*Asks:* 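Okay, handing you the structure first.
Convention: sequence-line order gives letters A, B, ...; per-chain numbering from 1. What you see is a predicted model; the values in this text were computed from it and never measured. When reading the values below, keep in mind they use all heavy atoms of this one structure, side chains included, and skip hydrogens, waters and symmetry mates.
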Amino acid sequence: MRGLSTNKLRSALTVLGILIGVGAVIILVAVGNGSSQAVQARIKDLGTNTITIVNRGRFGRGPSTTGTQSQAATITAADITAMSDPDQAPDIASVSPTVSSSVTASFGSASTSVTVTGTVPAYLEAEDYQVEAGQAITSTDVTQHAPVVLIGQDLVTNLYDAGANPIGTDVYFGSARLEVVGVLANKGSSSGVDLNDVAIVPYTTAQDLLTGYTDNFTEVIVQAKTSKDVNAAEDEAENILASANQTTVADLPFTVINESTLLSTSASTNSTFTVLLGAVAAISLLVGGIGIMNIMLVSVTERTREIGIRKAIGAPRRAILGQFLMEAVLLSFIGGVVGVIIGLIGSRFRIVGVKPVVAPSSIFEAFVVAVAVGVFFGFYPASRAASLRPVDALRYE
Amino acid sequence: MMPPLDGEAPASVIALRNVTRMYRMGDVEVNALCGVSLLVEPGEFVAIMGASGSGKTTLMNIIGCLDVPTSGRYWLDGVDVRSLDETHLARIRNRKIGFVFQSFNLIPKTTALSNVELPLTYAGLNAKERRRRAVAALEQVGLADRQNHLPSEMSGGQQQRVAVARSIVTNPALILADEPTGNLDSRSSEDVMGIFADLNAAGRTVVLVTHEADIADYARRIVRVRDGLILSDEQTGARERQIVDTAGAGIR
């Protein structure tokens, strides 16, 4: 052990190599982990079993060609009914047509801009909105064109004094005066979109007062029965819309956003990312191990004479081997312990916008690998020391 | 004094027969020993003399099991060392031989006591017994008050006496000294040689290498070596000296 304490700086630098390796493994795996957990949470927020169908308008041959005119694609109330029919679409749980409009909301002297979504009650479940206070909009509200609204947390903060109860108050959305019947629970944000900046009204009301009437919805949220049925539900919805528009699914000018597909792609990208980060960190651990080997070789060379003395007074091979191996393992052990501590401290900070989540297995693995690296890279220098012939070692200057 | 025939285990402490040692230095073969035969009986005090390059240090290294002969045979205490593996050789160096070097060869930055304890560590003794015997060995060389000094804090003579204490701490039958006074002033040389004389008087076999005649005078037998061969081998009377304490207090 004396060899380590006499060269404190050198030992410290060697330990640093292992320390950085272990710390990097723990932190980088935690970052990868945190990032995929964030994606998982987002999948949950968005509802994994919904698809969004957006109507881009026209299909058929474009205006640049002569002959056949292109024609407008539509999603009508009849299509909605067809998609909601369990016989025609067994995997679809609900269909929520939406219309939306950006308006200025005002209450008293306060005002703020907001996107009003006109829809049906099923939309709340499909998009995972919870009503925190008051009540949700009902299908009766939809049929009666009731002037009611559900407001998100942003509107509550922007329009009302702290502590005020918005339920039962009337808020102007543009020129439309709507009664607040419920407040939505906080939903956080996703991909930079603030999910609290919403107001939800019956679509009939929205058409009456905000967007104007049309029997053509630009956006429909389809909720599958379970997350496994999402793809089947998508096929059913597309087939119904294709036949209604007398065309093929391939020609439909609809953009289908299947959140679960997007997010599972993103999740698998993330796990690849985690493996990559871990691999980079593991390489630095390996480099740290080479550092140990380097320093142990230097140490063996420097202490050749000492090894000769020890052998001359009767040190057996395994005593010399044990001594040098012990020193190498001690270096890597200290590096491992401090590395774990640094890794745990480092994982408490947000790194590139990701809250790292430490994987307990990464701590254990990094530590064990560090010590194993010490044994592995310490073994060669140690056995070189142990196999020196005493007469040669003593003659070494 | 002829070496024994093949197959006989000699009763001598050291029995060399036709030992050669050849080194290869690049393309050149150097014959350091060209057939040396030698018997040393228990309790002898032998000085091996010769000029530098005569092969006396090589001879010493072979006797001390630090090096192996290229050809010929060597029995140490009746055991043919050629038949021993590295582990057994280490044990022999530890238990049967005490080696003292010209350049002291203490482990640096380690106290006198720890240096003396070291062979006992390799012998597998417990800490308490190690300490007891190491303290006794240091007392024997008159350095009881220097236990916790580092080699760098001691004079050459003191360092060599620590080295002698280290060589006798395992209670070996054979003590080998390779120019033990080569780096010492005459006063320290006398101290160290006195200790060797005392050890020999207490029954230990002592073999030392030197090129100084007055050091060789302490021995009772002088073997002269030249060009890898034994030139002469003569019994001499030991120098007149007064042994104060045969138990080995080390004070003359």
*Asks:* Hey, are B/Glu86 and A/Arg318 close enough for a salt bridge, meaning a charged N less than 4.0 Å from a carboxylate O?
*Replies:*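 A/Arg318 and B/Glu86: not salt-bridged.
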*Asks:* For B/Ile92, is it the side chain, the backbone, both or neither that has a heavy atom under 4.5 Å from a heavy atom of chain A?
*Replies:*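 Neither part, no heavy atoms under 4.5 Å.
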*Asks:* Run the ring-ring contact (aromatic ring centres under 6.0 Å, His included) test against B/Phe99 and tell me which residues pass, sequence neighbours left out.
*Replies:* B/Phe101
*Asks:* Would you please go through residues 114-130 of chain B and name the residues with a non-hydrogen atom below 4.5 Å from one of chain A, in numerical order?
*Replies:* B/Leu118, B/Pro119, B/Tyr122
*Asks:* Which region of B/Arg166, side chain (C-beta onward) or backbone (N, CA, C, O), has a non-hydrogen atom less than 4.5 Å from a non-hydrogen atom of chain A, or is it both or neither?
*Replies:*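 Only the side chain of B/Arg166 comes within 4.5 Å of chain A.
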*Asks:* Heavy-atom distance under 4.5 Å between the side chains of A/Val29 and A/Leu277, does that happen here?
*Replies:*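 A/Val29 vs A/Leu277: side chains apart.
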*Asks:* Could you work out, with ring-ring contact (aromatic ring centres under 6.0 Å, His included) as the rule, every residue matching B/Phe104, not counting sequence neighbours?
*Replies:*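 Residues passing ring-ring contact (aromatic ring centres under 6.0 Å, His included) with B/Phe104: none at all.
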*Asks:* State, to 0.1 Å, how close B/Thr181 and B/Ser189 come at their nearest heavy-atom pair, and which atoms those are.
*Replies:*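 Taking every non-hydrogen atom into account, CB-OG, 3.5 Å.
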*Asks:* Does the cation-pi check pass for A/Arg395 over B/Tyr23, that is, NZ or CZ under 6.0 Å from the six-membered ring centre and within 45° of its axis?
*Replies:*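 So A/Arg395 does make the cation-pi contact.
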*Asks:* So which part of B/Asn105 gets closer than 4.5 Å to some heavy atom of chain A, the side chain, the backbone, both or neither?
*Replies:* both
*Asks:* Show every donor-acceptor pair shorter than 3.5 Å between a side-chain atom in residues 341-369 of chain A and any protein atom, with sequence neighbours excluded, or say none if there are none.
*Replies:*
residue: A/Ser347; atom: OG; partner: A/Gly343; partner atom: O; Å: 2.7
residue: A/Arg350; atom: NH2; partner: A/Gly353; partner atom: O; Å: 3.0
residue: A/Ser362; atom: OG; partner: A/Ala359; partner atom: O; Å: 2.7

